[in-house]
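Input: a single structure, listed below in structure tokens.
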Protein chains: 2
Amino acid sequence: MSNTESGTLSAAFNRGKVMSRDCPSRAILKHVTSQWGVLVLVALMEDTHRFSALRRKIGGVSEKMLAQTLQQLEQDGFVHRVSYPVVPPHVEYSLTPLGKDIGRRVADLADWIELNLPTIIKARQSLA
Amino acid sequence: MSNTESGTLSAAFNRGKVMSRDCPSRAILKHVTSQWGVLVLVALMEDTHRFSALRRKIGGVSEKMLAQTLQQLEQDGFVHRVSYPVVPPHVEYSLTPLGKDIGRRVADLADWIELNLPTIIKARQSLA
DNA sequence: CAGAATCCAACTTGATACTG
DNA sequence: CAGTATCAAGTTGGATTCTG
């Protein structure tokens, strides 16, 4: 079988699937690591939020992008959406167990960057 | 001190800065979690690679995007570029210590997705 | 081989306005 | 409040061509 990858037999290193152009992981990865996807996950790791609360919390998101991001993450099974049929509308977003699992890793990444930002900036300057 | 965030005093939860529209972390986060940034980091976690090797390994990248991504990651101090002045040109890309640190987290994320892909797909269907 | 430069198509994003 | 619809504008991305 012609293998676009390195042709390794070891499925143990299951890393490599995502390297293929058409690996389904790519789509999930894209949602999760999207500009607003990351921040939504981080925000929801802290607590359940309403739509407008999320919008206030995540500086710079437009309504459109927030709605779109939430829909993607909901479809992937990471975000749980609960709509209370009252007026005015009341909708709450939270993480599913799966969402918490991946959210932890994403938040970890974001935290690392915040923590190491000084180091990164220094490193960048020493390259200039 | 007036705090635009939730007004918490605990800097221990340094999460929150990245939520501001103009936090410098946002730029780094964007490079690292960009579509190709993720895959470059994952690939370089395994080994040093030459440009064309990376291009072959990462299915779907164009030369342009690969070059651009590598430059961003190099400027952020995550990727080390070594150019041997021979003909034909020989350039090697590897991760700096900083790059390995963050690369581990990114690879972790990618691995998690690959590993849980079946679960995710099932979850998605049960929502349909 | 490693990339820079160019050109153009396609998708993404953001304001704004509108609806249930 | 929680979105959707619309449209303009910006950005990304890819194919191609060219160079050291």
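Quick caveat: nothing in here was measured; it's all calculated off a predicted structure. We name chains A, B, ... by the order of the sequence lines, and we start the count at 1 in each one.
In this structure, B:Arg50 does not reach the C:dC1 phosphate: none of its side-chain N or O atoms is under 4.0 Å from OP1 or OP2. B:Tyr93 has no side-chain polar atom (N or O) that falls below the 4.0 Å cut-off from OP1 or OP2 of C:dC1.
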Show me the side-chain donor-acceptor pairs of residues 77-89 of chain A shorter than 3.5 Å, one per line, residues at least two apart or across chains.
residue: A:Arg81; atom: NE; partner: A:Tyr93; partner atom: OH; Å: 3.4

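Contact footprint of chain B on DNA chain D: nucleotides with an atom under 4.0 Å from a non-hydrogen protein atom, first to last in 5' to 3' order, D:dG13 to D:dG20.
For B:Leu54 and C:dG3, the CG to C1' distance is 14 Å, given to the nearest whole Å. The separation between A:Gln68 atom CD and C:dT13 atom P is 7 Å, rounded to whole Å. Put simply, CG on B:Leu70 is 11 Å from C1' on C:dA2, counting in whole angstrom units. A:Leu66 has its CG atom 18 Å from the P atom of C:dT16, to the nearest Å. Atom P of nucleotide C:dT12 and atom NZ of A:Lys30 are separated by 6 Å, given to the nearest angstrom. C:dA4 atom C1' lies 9 Å from atom CD of B:Gln71, rounded to whole Å. Straight-line distance from the CZ atom of B:Arg81 to the C1' atom of C:dA4: 12 Å, rounded to whole Å.
The heavy-atom pair separating B:Leu54 from B:Ala43 by the smallest distance is CD2-CB, 3.8 Å. Between B:Arg26 and B:Met19, the shortest heavy-atom distance links the atoms NH2-O, 3.0 Å.
Out of C:dG3, C:dT6, C:dG14, the shortest distance to the side chain of A:Trp36 is found at C:dG14.
Residue contacts shown for B:Tyr84 are absent, as no nucleic acid heavy atom lies under 4.0 Å away. Residue contacts shown for B:Glu92 are absent, as no nucleic acid heavy atom lies under 4.0 Å away. Within 4.0 Å (heavy atoms only), A:Arg55 reaches no atom of the nucleic acid at all. Base engagement by A:Pro89 is indicated by at least one non-hydrogen atom pair under 4.0 Å involving a base atom. No contact: A:Gln35 has no heavy atom under 4.0 Å from any strand.
A donor-acceptor pair is defined here as one N or O able to donate and one able to accept, closer than 3.5 Å; such a pair exists between the side chain of A:Asn116 and the backbone of A:Trp112. Under the 3.5 Å distance criterion, the side-chain polar atoms of B:Ser20 are left unmatched by any main-chain donor or acceptor of B:Cys23.
Between B:Leu29 and A:Val38, some side-chain heavy-atom pair lies under the 4.5 Å cut-off.
Nucleotides of DNA chain D nearest to B:Glu63 and A:Ser52 differ in position, and the one nearer the 5' end is that of A:Ser52.
Ionic pairing of A:Lys17 and B:Glu114 is present here: one or more N-O contacts between side-chain nitrogen and carboxylate oxygen are shorter than 4.0 angstrom.
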